[in-house]
A.B. asks: 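One structure, as C-alpha cells, below. Some questions next.
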Amino acid sequence: MTEPPAPRKRVVIADVAARAGVSKSAVSFVFNNRPGVSDSARERILRAAAELGWRPSARARALSRSRTQAVGLVIRRDPELLSTDPFFPQFMAGVEIGLTRHDYSLVLQVVGDEQSERAAYQRFADTSRVDGVFLTDVRIGDTRPREVGELGLHAVVLAPEDAAPGEGIPIGMNDADGIRRAVHHLHSLGHRRIAHVMGAPMYVHTEARRRAWHDTLVDLGLPEGTVVTADFTGASGARATHELLDLAEPPTAIVYGNDLMAIAGISAAIDRGVRVPEDLSVVGFDDIPLAPYARPPLTTVRQNVVAWGTAAAETLVAAVEGREPEPVHLPPVEFVVRGSAGPTRDRRHD
C-alpha cells in the first residue's frame, strides 16, 4: 500500500534567509523597504523568495513595522445623499487599488454628525486601529486635519493645495477649471443669463465652484447671475430649478454643482413645459454613469475620481511608512459636451 505523501512544509522567513545566505533580519529589511542591505544581497533575497514562493504576511509586516497596516475613512453624510452620491464608491474603488499594492486595508465608518465623526477618529487613535486617515468633504475652516494630527494620525486631505486647511497632505482636483470651461461654453452659445445651483455651502469644493462661476461671468462681462443654494440631492436640485424659473427674468442656462441636481433640474423644467436645451441649457458636474443616458444626455464636467482615490492611497501609505510621497499627477478635468446645452433662440435664428 502506497504511503500518502507527506504534507508540504510551509516556507518561512528562515528558509529564504538560508537560501540567500543572509540573516532573517536582512530578509525583513528588504521586504519592508528599509535600508542597510547591499544590492547584491537584496537581489539574492528576492530571487530566493521567488524560487520558494514566499512573501511576508500583512500581519507580520505590520508587527515588524509597529504599524497596523490599515488606514481609515470616516464619512459624515446624510443617508439620503450618501445612498445616491456616486462619488464615494468610485473614490473607494481607487483607494482599494492603491492600498492593495501595499497590503493595506481600509477601515470604513459612516456617521451622521460632527460629534460622532470626532469620536471615530479618537477611537482609531486610542485602539491603534489605523495609522492614517483620508479626510473628505473638506469644509471651510476645517479643523479636522489639525485634530487628527494631534492624535498621531497621518492625514491626506481631499482638497486642492490652495484651499486646504494647512495641515495634512492635500490632494485635489481643479474643480474651478471645469466650471470656467462650462461658463465659456455657454457664453459661446449666446447665453448671457447664466445661473448657478450650488451644493451645501460649507464645503471647500462648493465654494470653489461658485467662485469660478462668478469670476468667469465677470471676466466675460456678463450680468451678475443668480445663485441658489441646494445640498447636492436631486430633490434640492429640482427645488432650486423651480425657484430660478419663477424669476421675472429666468436664466437661459444653469450650471449645477453636481449631476444629480442637474438631472433633477432637467426633469423639473420639462414638467413646467420648458424645453431642454431649446429653452434652457443645463450643465452638470461629475459625469456620473447615468449622465449619458439622461434625456437629453447631460453636458457636464468629468473628473477621474478613481485615479484620485488611488493617488490618495499611495500618498497616505508613503506618509505612514515615512517615505517621500511620489509627485501626484491627476488627470485634468474634462468638459464633456452632450445634448443638454444648446444655442439661445437668437443664435438659432441667425
A.B. asks: For the pair T206 (side chain) and A200 (backbone), establish whether a donor and an acceptor sit closer than 3.5 Å, ignoring hydrogens and angles.
C.D. replies: yes
A.B. asks: Backbone N or O of V282 within a donor-acceptor pair of the S340 side chain at under 3.5 Å?
C.D. replies: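 Yes; judged by distance alone, with no hydrogens or angles, the pair exists.
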A.B. asks: Kindly state each residue pair satisfying salt bridge (charged side-chain N to carboxylate O under 4.0 Å, His left out) with at least one member in residues 147-160, sequence neighbours excluded.
C.D. replies: R118-E147, R146-E150
A.B. asks: When clusters are formed from ILVMFWY side-chain contacts under 4.5 Å, directly or step by step, what else is grouped with V306?
C.D. replies: I97
A.B. asks: Output every pair passing salt bridge (charged side-chain N to carboxylate O under 4.0 Å, His left out) with a member in residues 191-206, not counting sequence neighbours, ordered by first then second residue.
C.D. replies: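 Output for this query is empty, none listed.
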A.B. asks: Do P251 and T226 come close enough that some side-chain heavy atom pair is under 4.5 Å?
C.D. replies: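 Of all side-chain heavy-atom pairs linking T226 with P251, none is under 4.5 Å.
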A.B. asks: Among side-chain atoms of R272 and H242, is any donor-acceptor pair under 3.5 angstrom?
C.D. replies: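 Result is yes, a qualifying pair exists.
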A.B. asks: Taking the side chain from R302 and the backbone from D287, do they hold a donor-acceptor pair closer than 3.5 Å?
C.D. replies: no
A.B. asks: Is there a donor-acceptor contact under 3.5 Å from the side chain of T299 to the main chain of R338?
C.D. replies: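 Yes; judged by distance alone, with no hydrogens or angles, the pair exists.
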A.B. asks: Please check if the side chain of H191 supplies one atom and the backbone of G342 the other of a donor-acceptor pair under 3.5 Å.
C.D. replies: yes
A.B. asks: Between F232 and H205, is the gap from one ring center to the other below 6.0 Å?
C.D. replies: yes
A.B. asks: Is the shortest side-chain heavy-atom distance between R76 and E114 below 4.5 Å?
C.D. replies: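 Yes, at least one pair of side-chain atoms sits under 4.5 Å.
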A.B. asks: Side chains of E314 and R101, heavy atoms from C-beta outward: is any pair under 4.5 Å?
C.D. replies: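 Result yes, sub-4.5 Å side-chain heavy-atom pair found.
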A.B. asks: Any side-chain heavy atom of D103 sitting closer than 4.5 Å to one from Q69?
C.D. replies: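 Of all side-chain heavy-atom pairs linking Q69 with D103, at least one is under 4.5 Å.
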A.B. asks: Within the structure provided, determine whether L330 and N304 are in side-chain contact (heavy-atom separation under 4.5 Å).
C.D. replies: no
A.B. asks: So, for S281 and A341, which heavy atoms are closest and what is the spacing to 0.1 Å?
C.D. replies: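 Heavy-atom minimum between the residues: OG-CA, 3.5 Å.
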A.B. asks: May I ask you to decide if I171's main-chain N or O and W308's side chain share a donor-acceptor pair within less than 3.5 Å?
C.D. replies: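 Answer holds: yes.
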A.B. asks: Contact between I263 and I288 at the side-chain level, heavy atoms closer than 4.5 Å - yes or no?
C.D. replies: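 They are in side-chain contact.
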A.B. asks: Residues in salt bridge (Lys or Arg N to Asp or Glu O under 4.0 Å) with R44, at least two apart?
C.D. replies: none
A.B. asks: With the side chain counted from C-beta on, respond yes when Y256 and I266 share a heavy-atom pair under 4.5 Å apart, and no when they do not.
C.D. replies: no
A.B. asks: If we ignore hydrogens and angles and just use 3.5 Å, is the side chain of D113 paired with the main-chain N or O of Q115 as donor and acceptor?
C.D. replies: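 Yes; judged by distance alone, with no hydrogens or angles, the pair exists.
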A.B. asks: Nearest 0.5 Å please: distance from the OG atom of S188 over to the CG atom of L220.
C.D. replies: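 Rounded to the nearest 0.5 Å, the OG-CG separation comes to 10.0 Å.
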A.B. asks: Looking at T216 and R180, would you say the former's side chain and the latter's main chain have a donor-acceptor pair under 3.5 Å?
C.D. replies: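 Answer holds: no.
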A.B. asks: Which pairs count as side-chain hydrogen bond (donor to acceptor under 3.5 Å, both in side chains) when at least one residue sits in residues 259-271, sequence neighbours excluded?
C.D. replies: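 Every side-chain hydrogen bond (donor to acceptor under 3.5 Å, both in side chains) pair that includes a residue of residues 259-271, provided the two are not neighbours, is D259-T300.
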A.B. asks: In terms of hydrophobic clustering (I, L, V, M, F, W, Y; side-chain heavy atoms under 4.5 Å; direct or indirect links), are M261 and V274 co-clustered?
C.D. replies: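 Yes.
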A.B. asks: Does V336 belong to the same Ile/Leu/Val/Met/Phe/Trp/Tyr cluster as V333, with side-chain heavy atoms less than 4.5 Å apart forming each link?
C.D. replies: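 Unlinked, V336 and V333 end up in two clusters.
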A.B. asks: Checking side chain to side chain contact (heavy atoms under 4.5 Å, CB included) between L73 and each of V130, V110, L106, which is the one that passes?
C.D. replies: L106
A.B. asks: Between L158 and F91, is any pair of side-chain heavy atoms under 4.5 Å apart?
C.D. replies: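 In short, these two side chains touch, coming nearer than 4.5 Å.
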A.B. asks: Taking salt bridge (Lys or Arg N to Asp or Glu O under 4.0 Å) as the definition, give me every residue that meets it alongside R144, ordered by chain and number, with sequence neighbours left out.
C.D. replies: E117, D142
A.B. asks: Report whether V12 and V16 are members of the same hydrophobic cluster (ILVMFWY, side-chain heavy atoms less than 4.5 Å apart, transitive linking).
C.D. replies: no
